[in-house]
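Numbers for residues simply follow the sequence, beginning at 1. What you see is a predicted model, and the numbers here were worked out from it, not measured in a lab.
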Amino acid sequence: MSKDKKDYSKYFDFSDAKILSEDENGKRIRIRGREINILSEPNHRQEKQRGKQDVQVLYDTALPEEFKTIGLGKFYLVYTFGCQMNEHDSETIKGMLEQMGYKATEDRMEADIILLNTCAIRENAEDKVFGELGHLKHLKTEKPDMLLGVCGCMSQEEGVVKRILSKHGFVDLVFGTHNIHRLPHLIQEALFSKEMVVEVWSKEGDIVENLPKKREGLRGWVNIMYGCDKFCTYCIVPFTRGKERSRRPEDVIAEVRELARQGFKEITLLGQNVNAYGKDFTDITYSFANLMDDIHKIDIPRVRFTTSHPRDFDDHLIEVLAKGGNLVEHIHLPVQSGSSQVLKKMSRKYSRETYLELSRKIKQAIPDVVLTTDFIVGFPGETDEQFEETLSLVREVGYDFAYTYIYSPREGTPAAVMEDNVPMEVKSERLQRLNAAINEHSRKSNDRLLGATVEVLVEGVSKNNDSMLSGRTRSNKLVHFEGSADLIGSFVHVRITDPMTWYIKGDMITEPFAATDAV
Ligand code: SAH
Ligand code: SF4
Ligand code: F3S
């Protein structure tokens, strides 16, 4: 018996599960009175595999006519728990639901279908989803005809799917990250069969083009690649998202042009590791730097990207980013730790020294660049000295912002079985010290902006005060200033009067100017 199976059977009792039928199209089982149609289920071993399956690019994904009436007169609600990639998947899911005739609602009592698009990155992300399922159980009792689905990264995990089958039999639909385009078919199946339908593909992954996307706001996300081959020892993503595969440059560029035409002011190119873009092409030589260079010529005011892995950040890319224009002066460059020994155990494939060298090169080429990052504290066995190296790296690089996390073991990853002798109190204390060091620099960096004039894309009315607007600088700093709501969506100049740690305040000094002038 594989290690994974042994682990899961410890928690879940399938002794009362009865197999009703089984063939090459999957199996139907009954657990505690609930019939479940398992078309395919996640398989951790298959998720690890790389390089054996060809990447298919599917273009012909138009929704057949018979699906376009399924949702007429009905409402949907999608909850998103994960990263930008996950948010963008939700935009695709919403786009497909609307093609099926469903309309959006914020009211769960009104919803005919509720989907939880989940994240598996840390235990607390998963806890939130199971907590939400607990609440939705009551709603399902009141509204048994409502369809409840779980999708996203958690669905790709064997343990999670087993837990849903055995403990959350009120769920109607489980699907993964590789078969989002199958949603209309799965909804139809669940509606008509009244059984729980489970379809999760554990494949290396395809590229599915031309799905509808329901984008909201001024900022558009654009996938440039999917998956991750880095297998950092703590990380679940390579298992939940498949292998690195890049969209064809012509497809990315056509999408960016279309967003420019629709009037989007800012786009963010998405990938788990955008610098690896193009490395999988066998017929052309075309890198992330080439892509950025081509997008630089498109008439869209701001272009961001996330996330870049330090390992693949090459000189050509730095050279292209230094051209400025619509390529903004902000780079999110996750470092995770300042200790080369810890980085080695994490399998990040760079050292403290090479990271520092890279950050120096970037700062030299782009003098007003703002660097932000991610840190994990309390990695198994992290010593006080190694943590001190993280603090000193913070001071040396000078980040304006960082996402900081306490290490969370993820079942099936190599770090989950590493010996961890660091008590939770020590991890929490390290997190606080790290946050304090980052905040100190962030405040200093904001203080330097006092009296400066910055370009702000106005995004909305400030949460706490109706007469205040909020927006972002090119370097992604949050700015609050007084102004009227009709400025939302335009670019203005703001003179900084009150720098704070998390945001800056200022006075608007110009009339709005045309987006294209901002380039
Ligand atoms: N592809 C991106 C990261 C995606 S996950 C990159 O490599 O930079 C976002 C962040 O979550 C990571 O940068 C890391 O800091 C954090 N993270 C990932 N796995 C984690 C775990 N098991 N415990 C705690 N934090 C984790
Ligand atoms: Fe996870 Fe590492 Fe891939 Fe980022 S690069 S998604 S941290 S495995
Ligand atoms: Fe979470 Fe999956 Fe994103 S695990 S961070 S939603 S890729």
Side-chain angles (χ1 to χ4, degrees), residues 3-4 7 44-45 47-50 83 119-126 153 157 227-241 243-244 272-273 275-276 307-313 332-359 371-397 399 402-435 437-438:
K3 185 185 150 292
D4 296 324
D7 285 341
H44 187 74
R45 214 167 3 106
E47 281 172 343
K48 253 196 262 186
Q49 286 170 2
R50 287 296 183 270
C83 60
C119 171
I121 201 82
R122 283 169 291 275
E123 196 176 349
N124 58 5
E126 300 205 348
C153 286
E157 292 181 281
C228 182
D229 286 344
K230 295 291 172 284
F231 289 97
C232 302
T233 54
Y234 50 81
C235 188
I236 194 82
V237 173
F239 304 99
T240 64
R241 292 270 168 183
K243 74 172 163 196
E244 281 174 4
Q272 286 305 337
N273 172 16
N275 311 359
T307 300
S308 43
H309 191 295
R311 181 181 167 194
D312 297 314
F313 213 111
H332 187 65
L333 195 61
V335 63
Q336 315 300 356
S337 167
S339 151
S340 292
Q341 284 155 317
V342 174
L343 288 170
K344 190 150 195 234
K345 274 176 85 176
M346 289 177 164
S347 195
R348 288 289 287 180
K349 311 270 168 48
Y350 55 84
S351 65
R352 174 192 176 91
E353 290 68 34
T354 52
Y355 185 93
L356 284 172
E357 176 54 26
L358 174 63
S359 67
L371 292 179
T372 58
T373 198
D374 294 349
F375 282 108
I376 295 176
V377 298
F379 189 74
E382 183 190 58
T383 64
D384 280 337
E385 294 72 31
Q386 289 167 340
F387 174 66
E388 290 299 329
E389 288 190 80
T390 292
L391 288 181
S392 75
L393 181 112
V394 167
R395 289 185 208 106
E396 219 164 308
V397 178
Y399 298 105
Y403 293 102
T404 56
Y405 308 104
I406 291 182
Y407 166 71
S408 171
R410 306 283 63 215
E411 189 149 9
T413 61
V417 289
M418 289 181 191
E419 196 195 333
D420 188 1
N421 54 3
V422 189
M424 193 39 104
E425 307 87 77
V426 175
K427 296 187 185 208
S428 302
E429 197 212 314
R430 285 181 189 166
L431 185 71
Q432 281 174 22
R433 288 181 61 205
L434 177 60
N435 286 340
I438 293 159

J.: Might you work through the side-chain contact (heavy atoms from CB on, under 4.5 Å) test for R430 and T390, ending with a clear yes or no?
T.: CA-CA 10 Å; R430 285 181 189 166; T390 292; over 6 Å; no

J.: Is it the case that more than 12 heavy atoms not belonging to E357 sit under 6.0 Å from its CD atom?
T.: yes

J.: Could you state the interatomic distance from OH (Y234) to OG (S408), rounded to the nearest 0.5 Å?
T.: 12.5 Å

J.: Within the distance-only criterion (no hydrogens, no angle test), does the side chain of R352 pair as donor or acceptor with the backbone N or O of G338 below 3.5 angstrom?
T.: yes

J.: Which heavy atom of R410 sits nearest to which heavy atom of A120, and what is that distance?
T.: NH1-O, 2.7 Å

J.: So do the side chains of Y399 and T372 get within less than 4.5 Å of each other, counting heavy atoms only?
T.: no

J.: Could you state the interatomic distance from CG (D374) to CG (L333), rounded to the nearest 0.5 Å?
T.: 9.5 Å

J.: What are the two closest heavy atoms between K345 and P380, and how far apart are they?
T.: NZ-O, 2.9 Å

J.: Can you establish whether the number of heavy atoms outside Q341 located under 6.0 Å from its atom CD is more than 12?
T.: no

J.: Measuring centre to centre across the rings, with the benzene-like ring taken for any Trp, is Y350 within less than 6.0 Å of F313?
T.: no

J.: Using the salt bridge (charged side-chain N to carboxylate O under 4.0 Å, His left out) rule, take E244 and K230 through it: C-alpha gap first, then chi angles, then the decisive distance, then the call.
T.: CA-CA 9 Å; E244 281 174 4; K230 295 291 172 284; 3.0 Å; yes

J.: Angle between ring planes, F239 versus H44, binned at 30° and 60°: parallel, tilted or perpendicular?
T.: parallel

J.: Does some side-chain heavy atom of E157 sit less than 4.5 Å from a side-chain heavy atom of E411?
T.: no

J.: Tell me, do C153 and I236 make a side-chain contact under 4.5 Å, heavy atoms counted?
T.: no

J.: Step by step, would you call L434 with V394 a side-chain contact (heavy atoms from CB on, under 4.5 Å)?
T.: CA-CA 8 Å; L434 177 60; V394 167; 3.7 Å; yes

J.: Which atom pairs, donor and acceptor, lie under 3.5 Å between side-chain atoms of residues 419-426 and protein residues at least two apart or in another chain?
T.:
from : atom 1 : to   : atom 2 : distance (Å)
D420 : OD1    : V422 : N      : 3.2
D420 : OD2    : K427 : NZ     : 2.6

J.: Taking side chain as C-beta onward, heavy atoms only, is M418 less than 4.5 Å from T233?
T.: yes

J.: Once you round to the nearest 0.5 Å, how far does OG of S339 lie from CZ of F387?
T.: 12.0 Å

J.: Is the closest side-chain heavy-atom distance between R433 and E429 below 4.5 Å?
T.: yes

J.: I'd like to know whether Y407 forms a side-chain contact (heavy atoms from CB on, under 4.5 Å) with E382, so could you lay out the CA-CA distance, the side-chain angles of the two residues, the decisive distance to 0.1 Å, and finally the verdict.
T.: CA-CA 10 Å; Y407 166 71; E382 183 190 58; over 6 Å; no

J.: Could you tell me which non-hydrogen atom of A437 sits nearest to which non-hydrogen atom of L391, and how far apart they are?
T.: CB-CD2, 4.1 Å

J.: Atom CZ in F231, atom OG1 in T413: separation rounded to 0.5 Å?
T.: 11.5 Å

J.: Taking side chain as C-beta onward, heavy atoms only, is Q272 less than 4.5 Å from C83?
T.: yes

J.: Mark yes or no for whether N275, through its side chain, and S308, through its backbone, hold a donor-acceptor pair below 3.5 Å.
T.: no

J.: Can you confirm whether L343 sits close enough to Y355 that some side-chain heavy atom of one is under 4.5 Å from a side-chain heavy atom of the other?
T.: no

J.: Determine whether E353 and S340 satisfy the following criterion, side chain to side chain donor-acceptor pair (under 3.5 Å), listing intermediate values before the conclusion.
T.: CA-CA 8 Å; E353 290 68 34; S340 292; 3.3 Å; yes

J.: Of the non-hydrogen atoms in S359 and V397, which two are nearest, and what is the gap between them?
T.: OG-CG2, 4.0 Å

J.: If every non-hydrogen atom of C228 is compared with every non-hydrogen atom of P238, which pair is closest and at what distance?
T.: O-CB, 3.4 Å

J.: Can you name the nearest heavy-atom pair linking R348 to P334, along with the distance?
T.: NH2-O, 3.1 Å

J.: Do C235 and I121 make a side-chain contact, defined as non-hydrogen atoms from C-beta onward lying under 4.5 Å apart?
T.: yes

